[in-house]
Amino acid sequence: MNKNTIKTKRKYFPSEIEPKWRQIWEKEGINKFKENKGSKGKYYNLVELPYPSGDLHLGHWFSFALADVHARHKRMIGYDVFFPNGFDAFGLPAENAAIKRGVHPKDWTMKNIENMRKQFATMGTMIDWDYTAITCLPDYYKWNQWIFLKMFEKGIAYRGTALSNWCETDKTVLANEHIEGGKCWRCGNEVVQKEVEQWFLKITNYADELIWPQDPKVDWPKEVREGQNNWIGRSEGMLLDFEIVEKDRQDNKNKKSIKVFTTRPDTTDGATFMVIAPEHEFAAEIDLKDVSEYIKMSRKKTEMERKEDRTKSGIFTGRYVVNPVTDKQIPVWISDYVLAGYGTGAIMAVPFADERDREFAEKFKLPIIPTSFKSKPKGEKKVNYHLRDWSISRQRYWGTPVPIIHCESCGLVPVLEKDLPVELPYNVDYTPKGKPPLATDEQWLTAKCPKCGTEGAKRDAETLDTFFDSAWYYYRYVSPNYNNGPFEKSEVSKLMPVDVYVGGAEHTLGHTLYARFFTKFFKDLGLVGFEEFAKKRVQHGVILGPDGNRMSKSRGNVVNPDDVVKEYGTDTVRLYLSFMMPYEATAPWSTGAISGIYRFLKRIWEMSQNLEKMDLSTSDYNMMHRTIKKVGEDIDSFSFNTAVSTLMTWLNYLTEKGVSKQEFEVFLKLIAPFAPHFAEELYHSVVKSDNSVHLQEWPSYQSKYLTQEAVQVVVQVNGKLRDTVLVYSPKLKEQKLVEDLVKQSENVSKYLSGQKIRKVIYIEGKLINFVI
RNA sequence: GCGGACGUGGUGGAAUGGUAGACACGCAAGGUUUAGGACCUUGUGCCCGUAAGGGUGUGGGGGUUCAAAUCCUCUCGUCCGCACCA
């Protein structure tokens, strides 16, 4: 080869080929989902829908680009891959941006969606955007309201109260993360714990159904199943009555008792005192200054602070109850380590058997007496759950309006189905005003009662938790324009359940549990015919900033994928994300190793211009077929990093021995899911095909090429490696032959000479171990 | 506190009972006039040795096994979630 030919060679410039191919794919519609293309049926490839924060970040790339690798491989092996995407477009950030910058939440959100759609294009995925859902549009949230009303009708959605973080100034409930040092993040005033009336979903009705069986029919990670089961926290026990000893014993008519829930009724004889939560109704009856001060103090602590506080605090109420087993009077204490929201908010303390009770008894010098573990108190059997009903009320603007009208004479009246959606008004003052933003719009707020026709009834001014929106969006994807229900049943029965659901581990206890709950509710309505919405769940890790911390604007450690793409191209970034770490891992981003991937692509590019005419040897075929098998299996199991390293190993082999067109074509097909533009470009120039590489069949491997002619057998003496001996495969079946063969090795014989061999362990084709 | 996960070279990681460190980054030495992010060769856990080779080694202790990064047990450490962030 002379210098002239070198000069005419084309070099690899991602920026020249990537936009070109995306345009061609778009024009030819190769990523449009149409049924009955493949021979293996449908494959619903789902990724958690993104929040439109404004920019795609590396986390989105990690989710979507790698799920796309998986999807593309599925398509090549013959599935009709359904890969939609949408936006989880309601939520607080839009409202914050609006307050801070004076942009309307809707405008802010829709602009972000537009921008992110453009950024998504540069990722080179096969997402078909004809199937989508944007949760803040009336077309979508109409069905939120419809589902809510079905739940209301069935008693699943109800008004209740729960202890919540409450800001008295803004008249709003706050998330734990919106409390900074006990103060409201917006107004800076003190946050208190308060019983707040709000909408709930009775997810506890489904608690037993949501518990994962030992051996589930679907493939969800064990940590998710265990995590959810622990979260549901079913425990069987008893409700026991402890009679209150009245100060004035004459008043026996109104004898009252305090109920406790216990999982260990057999230890009741060891209960030497009772502890109730500061919010317990009995605590309010105590007219002691110290007690009311203690209650006031604990109202300032969040639930988390209470759980974390290791130095137990508490105060004696001055009152007693009767232990139903021993008949003895035991004192009643108040302490905030007892939570009002769990059980009955009161516990019988058995310091002999329970560590927390013991700490408390020791601190306050309360008696500790042994329990016989044989008590059989009278009481009602009761199953208690750690899982609480799901609070879905938000005193916010940017969400789905609750489709309920409060009528003075009829109470809570559902909006008629024909009047849905209850549209979110555009011009509303959403700055904090001490009432829900929607309540400031008198005209919107006032409505006619659908039941009695009274004018002047009020609409519910709260909006739904955005987790409500995201609990069922993947149903909407299958028929996004359907007008007669949340989704078209026939389409759902064709495409659901989801085949793989890719997302983050942070959704273990929230979103994925809610989605399962909705599916079970839909099943009860007769809308779907399956128990679980996703056959498989894959949870990926987090890419941290280069400094090892979570990426955040305030830390200034955000890596913008657009910049990396500009520098190296989409294909390099996709391959690097595949290669840098296992999909489940959490690790910092580092730019160092990315050049290795870029070099890898350049070497393949160079190789495409040096294809040789050659016959392939058996070991060439071994290498090729083993690579086909391993890469396919690894992509299927989301082990992208080892799939890429397998390709690198084959490339190293081919570089050394020279590459044929046949091998190279296979190589391109194997790398196509990772580097779609790159593979397409070379496929067209080398194979001279007009068809897309992405619509080609994935190469199949032949098992005859997976076994080699000769195998390295590891020889150990007493478990220590002494040599490896090459043995021809036909001989491997005969242990005696292998034994004799390896004994000839000098390295082995020097350890065996003069020794008595007590035992020989032979693992066919792998290892032989002499025990002496 | 409760629940879950994890701990392997200078770095990311591979190996799920059978050759620890694949693959890659980095580093070192050598080669090569080397502009489209250069490339090629060799080496690279640690210790002894010119080498052959030997010893040692997967947070730490103990155990099971012919054989342990992998299984069991104790211990130390790190990370994540805990209900209104999405």
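All chains are named by letter (A, B, ...) in the order of the sequence lines, taking the proteins before the strands, and each is independently numbered beginning at 1.
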Practice task
Encode nucleotides 8-24 of chain B as B, S and - characters from 5' to 3', where the letter depends on protein heavy atoms closer than 4.0 Å: B to the base, S only to sugar-phosphate, - to neither.
Solution key: ----BSS---BB--BBS

Problem - Cationic N near anionic O, under 4.0 Å, A:Lys629 to A:Glu633 - result: yes

Practice task
Just call it for A:Arg225: base, sugar-phosphate, or nothing, with non-hydrogen atoms closer than 4.0 Å on any strand.
Solution key: nothing

Handout entry: P gap between B:rA35 and B:rG17, integer Å
Key = 50 Å

Practice task
Check every strand shown and say whether A:Tyr12 touches a base, only sugar-phosphate, or nothing at a heavy-atom separation below 4.0 Å.
Solution key: nothing

Handout entry: A:Glu48 and A:Arg537 ion-paired at < 4.0 Å
Key = yes

Practice task
For A:Phe770, answer base if it contacts any base atom (sugar-phosphate contacts may also be present), sugar-phosphate if it contacts only those atoms, and nothing otherwise; contact means non-hydrogen atoms under 4.0 Å.
Solution key: nothing

Handout entry: Sub-6.0 Å ring centroid separation between A:Tyr141 and A:Phe90
Key = yes

Problem - Separation of the C1' atoms in B:rU19 and B:rU58, to the nearest angstrom - result: 15 Å

Handout entry: Per A:Pro93 side chain, nearest of listed nucleotides B:rG54, B:rG36, B:rA86
Key = B:rA86

Practice task
Determine: side-chain N/O of A:Asn230 to OP1/OP2 of B:rG4, distance under 4.0 Å, yes or no.
Solution key: yes

Problem - Ring centers of A:Tyr12, A:Phe678 separated by less than 6.0 Å - result: yes

Exercise for the section: Measure from the side chain of A:Glu223, starting at C-beta and using heavy atoms only, and say which of B:rG4, B:rG54, B:rG36 lies closest. Expected result: B:rG4

Completion exercise
Winner on side-chain proximity to A:Glu177, out of B:rC85, B:rU56, B:rG36, is B:rC85

